[in-house]
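Just below is one structure, and these are the notes that go with it.
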Number of protein chains: 2
Amino acid sequence: MNVTIKDVAKLANVAPSTVSRVIADSPRISEKTKKKVRQAMKELGYHPNFIARSLANKSTQVIGLVMPSSADKAFQNPFFPEVIRGISKAAHEKKYALQMSTGESEEDIYDGVIEMLQGRRVDGVILLYSRINDKITKYLQKNGFPFVVIGKPHKKTEQITHVDNDNYRAAREATEHLVQLGHERIAFVGGNLNYMVTVDRLLGYEEALKNAGLPYRKEYIVHEEFLKEGGQEAMKELLSLEEPPTALVVADDLMALGVLNTLDEMNLSVPDDISIVSFNNVLLSELSRPPLTSVDINIFQLGYEAAKNLIQKVENPNEPIKRIIIPHTLIKRCSCGYYRKKRG
Amino acid sequence: MNVTIKDVAKLANVAPSTVSRVIADSPRISEKTKKKVRQAMKELGYHPNFIARSLANKSTQVIGLVMPSSADKAFQNPFFPEVIRGISKAAHEKKYALQMSTGESEEDIYDGVIEMLQGRRVDGVILLYSRINDKITKYLQKNGFPFVVIGKPHKKTEQITHVDNDNYRAAREATEHLVQLGHERIAFVGGNLNYMVTVDRLLGYEEALKNAGLPYRKEYIVHEEFLKEGGQEAMKELLSLEEPPTALVVADDLMALGVLNTLDEMNLSVPDDISIVSFNNVLLSELSRPPLTSVDINIFQLGYEAAKNLIQKVENPNEPIKRIIIPHTLIKRCSCGYYRKKRG
DNA sequence: TTGTATGCGTTATCAG
DNA sequence: CTGATAACGCATACAA
C-alpha cells in the first residue's frame with residue numbers, strides 16, 4: 001500500500017496527529033519535531049492524500065468549470081483556451097485544481113454540474129458563458145453553491161458575483177469608431193442572441209447609432225453562426241439590400257474571419273469596400289488578412305478574476321456579491337478605413 | 001449537514017450497508033428493498049459523496065489532462081479544445097470526470113502532475129502533447145502510473161500506450177500532392193522541433209522529396225513560431241533565396257494562417273504564386289483565404305481514443321500496451337495550384 | 001508542545 | 001438477502 005501519515009509518524013517517533021500538524025505547518029509544533037517529521041517524509045517519499053484530506057475537511061480545493069455544451073460551435077472559439085489560461089493562473093496561485101464539465105448536450109452538462117457539486121467533487125464552479133434562462137444558474141442560486149459567472153447573468157444580475165466587460169460600452173465605442181471614419185451605413189453581425197454578450201453588444205451598437213443620429217435599420221442586423229455558410233448567407237443578404245452597409249460591427253473575431261472569407265469570394269475588399277470592427281482580439285485577429293481591428297476584452301483577466309473571486313467566496317462564505325468589470329481597448333489594425341463616397 | 005447514506009438508511013429502515021449496495025445496484029438485494037431505499041433517496045434528495053467513495057474505493061473516477069505549459073504558444077492552438085472535446089466524450093460515456101493541470105512553466109506543471117497522482121486526485125493522466133526528453137513521461141513510467149500520450153513518445157515508444165496519427169505518412173502524402181501538381185521547389189515550414197509531431201512531419205516531407213528525386217535543400221527548411229513575426233521572418237528568408245520555393249508544407253494550420261498573412265503583405269498570391277498545404281484541418285483552415293488544403297488528422301478521435309484507452313488501463317491494470325493510429329485525410333481546398341513555369 | 005480518540009461518508013468483510 | 005463493523009487517510013477537539 002501507499003505511504004501514509006502513520007508510516008511517517010512511526011518513523012519519526014511521533015503521533016499521526018503531529019505529522020498532520022506538520023503538514024499544515026501548525027505553529028504549535030516545535031521546529032525540532034517539524035524537522036524530524038519532514039525528514040521522515042522525505043525518506044519515505046510521503047505525499048498527502050487529497051481525497052482523505054477532503055473528506056475530513058469538507059473541502060476539495062477543486063473548482064469546476066462549466067463550459068457551453070461541447071456540441072456547441074462556441075466551443076471552438078479561442079476564447080475558451082484563453083479564459084482557462086487565466087483561471088488556471090489564479091487557481092494555481094491558490095493551489096486549487098481545475099475540473100471540467102463533460103457532456104455534449106445542455107442536459108448532460110446540467111446533470112454533470114449537479115453531480116460535481118452534490119457529489120462534493122468541487123468547492124464551487126465558474127460558468128464560462130452566460131446565456132438567457134440558464135437552468136444551471138438557477139440551480140446554483142437556489143442551492144446556494146458558490147459560483148461566479150463570466151459574462152452578465154441574465155436575471156438577478158445584482159445577486160450574482162460575475163466578471164464581465166462593459167460590452168455595451170465596448171460595442172458603442174467600436175461603432176463610434178466607424179462613425180468617426182465617416183460611415184453612415186453600419187450593420188451588425190452578431191452571434192446567438194441567447195448569449196448575453198450578444199445582446200449587450202447589439203444594444204451598444206444601437207446606442208451609438210442613435211447618438212450619431214443614424215437611422216436604426218432592422219435589415220442591418222443579422223445573427224448567424226460564425227461558420228462559412230452563415231457568413232455567406234449574412235453577407236449575401238446585407239449586400240443585396242438597396243443600400244448595402246459600408247461597415248460592419250461583428251460580434252466575434254472568428255465570425256469576422258468568416259465574413260472576411262465571404263467578402264473575398266465576392267471580390268470585395270476590406271477595408272476599401274467594407275470596414276470591419278470585431279471583438280475579442282484573439283490571436284487570429286492578428287493573423288487574418290487584413291489584420292482585424294478588434295476590441296480587446298482582456299480574456300485572460302476575465303478568467304483570472306473569476307477564479308480569484310470564486311476562491312474568495314469558497315473560503316469565506318460571507319464574501320459580498322461582486323460585479324467586476326474588466327476594461328477593454330480598441331486595437332486598431334487594418335480592417336477599417338474612411339468611408340469614400342465614390343466606391344468601386 | 002448534508003444527507004448521507006445513514007439518513008437514507010434510517011428513513012428506509014435498513015442498514016447503511018444495504019443502502020450502499022442499492023447504490024451499486026448489487027444483485028443480492030431484493031427488488032422490494034431496492035425500491036424502498038430508492039424511494040427514501042428521492043425523498044431526501046440524496047447524492048452520493050464521491051470523495052468518501054473514492055477514499056473507500058481507492059479510485060477517483062477522474063482522469064487528469066496534462067497540457068503543455070500555458071505560457072507556451074501552443075496553448076492557443078484550436079487543437080486543444082478539439083482533443084478535449086474527444087476526451088470529454090469518452091470520459092462522459094464512462095462516467096469519468098476531467099481534471100486539468102495548471103501552471104505556466106514546465107516545472108510548475110511537472111510538480112502539479114506529481115501532486116495529482118501522488119495525492120490520488122486522479123486515476124491516470126493523458127499527455128496532450130509529446131515532446132523530446134519529457135520529464136513527466138519519464139516520471140510516469142518510472143512510477144507505474146496509468147497514462148497514455150497523444151502523439152508519439154520520444155523514447156521507449158513501444159512501452160507506452162499512445163494514440164497518434166501516422167504523421168510521417170501524412171506529411172509524405174501532403175508533399176506528394178504538391179509534387180503531383182508539378183512543384184519541384186517545396187519548402188517545409190515547421191514548428192518547434194522539440195515536439196515529436198514536428199519531427200515526424202519533417203521526416204515525411206523529406207521522404208517524399210527523396211522519392212520524387214527532388215534535391216534536399218537545407219535552406220528550404222524553416223522552424224518558427226506561428227506568430228506573425230515568425231512567419232514574416234521565415235517567408236522573407238525563403239523568398240530571398242536564389243531559387244525561392246513555389247510550394248510550402250506548413251506543419252500547422254495556425255502557422256499557415258500566419259504565412260498567408262505574410263504572403264499577402266508581400267503581394268504574393270496563394271495559390272497563384274505559392275501553394276500551401278498544411279496540417280490539422282481545424283475550423284479556421286476553412287475560414288481562411290484562400291481556404292487551406294489541409295490534412296485532417298481527426299483531432300476529436302485522437303482525444304476519444306486516448307481517453308477510452310486510459311480508462312481501460314485504469315480499470316484493468318493488465319491491459320496491454322497499445323499503439324493506436326488514427327487515420328488522416330487530405331482535404332483539398334483552394335491553397336494549392338499547379339506549378340506554372342512562367343510566374344509573375 | 002504533543003498524543004488519544006473520534007469523525008468525515010463510503011465500501012467491504014464477515015456473520016447471520 | 002441483510003446487518004454490524006472495520007477500514008480508507010487525514011484533521012481536530014480534547015487531554016495531558
Side-chain angles (χ1 to χ4, degrees), chain A residues 1-38 40-41 44-62 95 115-123 315, chain B residues 1-38 40-41 44-62 95 115-123 315:
Chain A
M1 200 32 46
N2 236 278
V3 31
T4 79
I5 216 174
K6 286 184 190 171
D7 304 318
V8 177
K10 216 166 285 173
L11 181 59
N13 267 319
V14 295
S17 53
T18 302
V19 178
S20 173
R21 289 184 186 113
V22 173
I23 294 172
D25 201 20
S26 159
R28 3 180 279 187
I29 296 285
S30 74
E31 275 308 319
K32 200 172 121 200
T33 48
K34 273 189 188 172
K35 233 162 244 168
K36 193 172 59 179
V37 169
R38 289 197 180 115
M41 301 200 307
L44 298 175
Y46 169 78
H47 287 266
N49 182 319
F50 282 104
I51 299 297
R53 174 181 293 188
S54 295
L55 187 60
N57 259 352
K58 292 168 160 321
S59 126
T60 60
Q61 303 255 107
V62 179
K95 297 191 182 304
E115 274 212 353
M116 257 191 198
L117 288 160
Q118 301 280 16
R120 294 292 181 269
R121 287 223 222 218
V122 300
D123 292 338
E315 298 186 342
Chain B
M1 204 29 48
N2 238 278
V3 31
T4 78
I5 219 174
K6 288 183 187 169
D7 304 317
V8 177
K10 215 167 284 174
L11 181 60
N13 264 320
V14 295
S17 50
T18 302
V19 177
S20 174
R21 287 192 266 257
V22 172
I23 294 172
D25 201 18
S26 157
R28 2 180 280 187
I29 297 282
S30 75
E31 274 310 318
K32 201 172 122 202
T33 48
K34 272 190 188 174
K35 230 162 246 165
K36 194 172 57 178
V37 169
R38 289 197 179 116
M41 299 200 308
L44 298 176
Y46 169 77
H47 288 266
N49 182 320
F50 282 104
I51 299 297
R53 174 179 292 185
S54 296
L55 187 59
N57 259 351
K58 294 167 160 321
S59 126
T60 60
Q61 303 254 108
V62 179
K95 296 190 181 305
E115 274 212 354
M116 259 193 194
L117 287 160
Q118 301 279 17
R120 295 291 181 268
R121 288 223 219 216
V122 301
D123 292 337
E315 297 186 343

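Note on naming: letters A, B, ... go to the chains in the order of the sequence lines (proteins, then strands), and numbering restarts at 1 for each one.
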Item checked: Residue pair A:Val14, A:Val19: steps toward the side chain to side chain contact (heavy atoms under 4.5 Å, CB included) verdict -> CA-CA 7 Å; A:Val14 295; A:Val19 178; 3.8 Å; yes

Note to self: Using a 4.0 Å heavy-atom cut-off, does B:Pro48 contact any base of the nucleic acid, only the sugar-phosphate backbone, or nothing at all?
What the structure shows: sugar-phosphate

Notebook entry, point to check: Rounded to whole angstroms, how far apart are NE2 on A:His47 and P on D:dC10?
Noted result: 12 Å

Next item on the list: Could you walk me through whether A:Leu44 and A:Leu11 pass the side chain to side chain contact (heavy atoms under 4.5 Å, CB included) test, one step at a time?
Entry: CA-CA 9 Å; A:Leu44 298 175; A:Leu11 181 59; 3.8 Å; yes

Next item on the list: Return yes when atom NZ of A:Lys36 has more than 12 non-hydrogen atoms of other residues, nucleotides or ligands closer than 6.0 Å, and no otherwise.
Entry: yes

Next item on the list: Using a 4.0 Å heavy-atom cut-off across all strands, classify A:Arg21 as base, sugar-phosphate, or nothing.
Entry: base

Next item on the list: Specify the separation, in whole Å, of atom CD1 of A:Ile5 and atom C1' of D:dC8.
Entry: 13 Å

Check: Atom CZ of A:Arg28 to atom P of D:dA11: distance rounded to whole Å?
Finding: 14 Å

Next item on the list: Can you tell me the distance, in whole Å, between the CD atom of A:Gln118 and the P atom of C:dG9?
Entry: 14 Å

Checklist line | Rounded distance (Å) that lies between atom P of C:dT10 and atom CZ of A:Arg121 | finding: 13 Å

Item checked: Below 4.0 Å: OP1/OP2 of C:dT2 and any side-chain N or O of A:Ser30 -> yes

Checklist line | Listed nucleotide nearest any side-chain atom of B:Ala15, set D:dA11, D:dG9, D:dG3 | finding: D:dG3

Checklist line | Listed nucleotide nearest any side-chain atom of B:Thr18, set C:dT10, D:dG3, C:dC8 | finding: D:dG3

Notebook entry, point to check: How is B:Tyr46 classified with respect to the nucleic acid when contacts are heavy atoms under 4.0 Å: base, sugar-phosphate, or nothing?
Noted result: sugar-phosphate

Note to self: Closest approach to the side chain of A:Ala52, judged atom by atom: which nucleotide of D:dG9, D:dA11, C:dG9 is it?
What the structure shows: D:dG9

Note to self: With a 4.0 Å cutoff (strictly under), does any side-chain N or O of A:Arg53 reach OP1 or OP2 of D:dA11?
What the structure shows: yes

Margin query: Suppose we call a contact any N or O donor and acceptor under 3.5 Å apart; does that hold for the side chain of B:Ser17 and the base of D:dA4?
Written below: yes

Item checked: Nearest-Å distance for atom pair CD1/P, residues B:Ile51 and D:dC8 -> 18 Å

Next item on the list: Describe the nucleic acid contact of A:Val19 in one word from base, sugar-phosphate, nothing, applying a heavy-atom distance below 4.0 Å.
Entry: nothing

Notebook entry, point to check: Please give, in whole Å, the distance from C:dG9 P to A:Arg120 CZ?
Noted result: 9 Å

Note to self: For A:Arg28 and A:Arg21: C-alpha separation, side-chain torsions, deciding distance, then whether side chain to side chain contact (heavy atoms under 4.5 Å, CB included) applies.
What the structure shows: CA-CA 8 Å; A:Arg28 3 180 279 187; A:Arg21 289 184 186 113; 3.5 Å; yes

Next item on the list: List the steps, then state whether side chain to side chain contact (heavy atoms under 4.5 Å, CB included) holds for A:Tyr46 with A:Ile5.
Entry: CA-CA 8 Å; A:Tyr46 169 78; A:Ile5 216 174; 4.2 Å; yes

Notebook entry, point to check: Within the structure, does a side-chain N or O atom of B:Lys58 lie under 4.0 Å from either OP1 or OP2 of D:dA7?
Noted result: no

Check: C:dT11 P sits how many Å from B:Gln61 CD, rounded?
Finding: 11 Å

Check: Between A:Ser20 and D:dA11, is there a side-chain N or O to OP1/OP2 distance below 4.0 Å?
Finding: yes

Notebook entry, point to check: Does the side chain of A:Ser30 pick up a donor-acceptor pair with the side chain of A:Thr33 at under 3.5 Å?
Noted result: yes

Note to self: Please determine whether a side-chain nitrogen or oxygen atom of B:Thr33 lies at a distance below 4.0 Å from atom OP1 or OP2 of D:dT2.
What the structure shows: yes

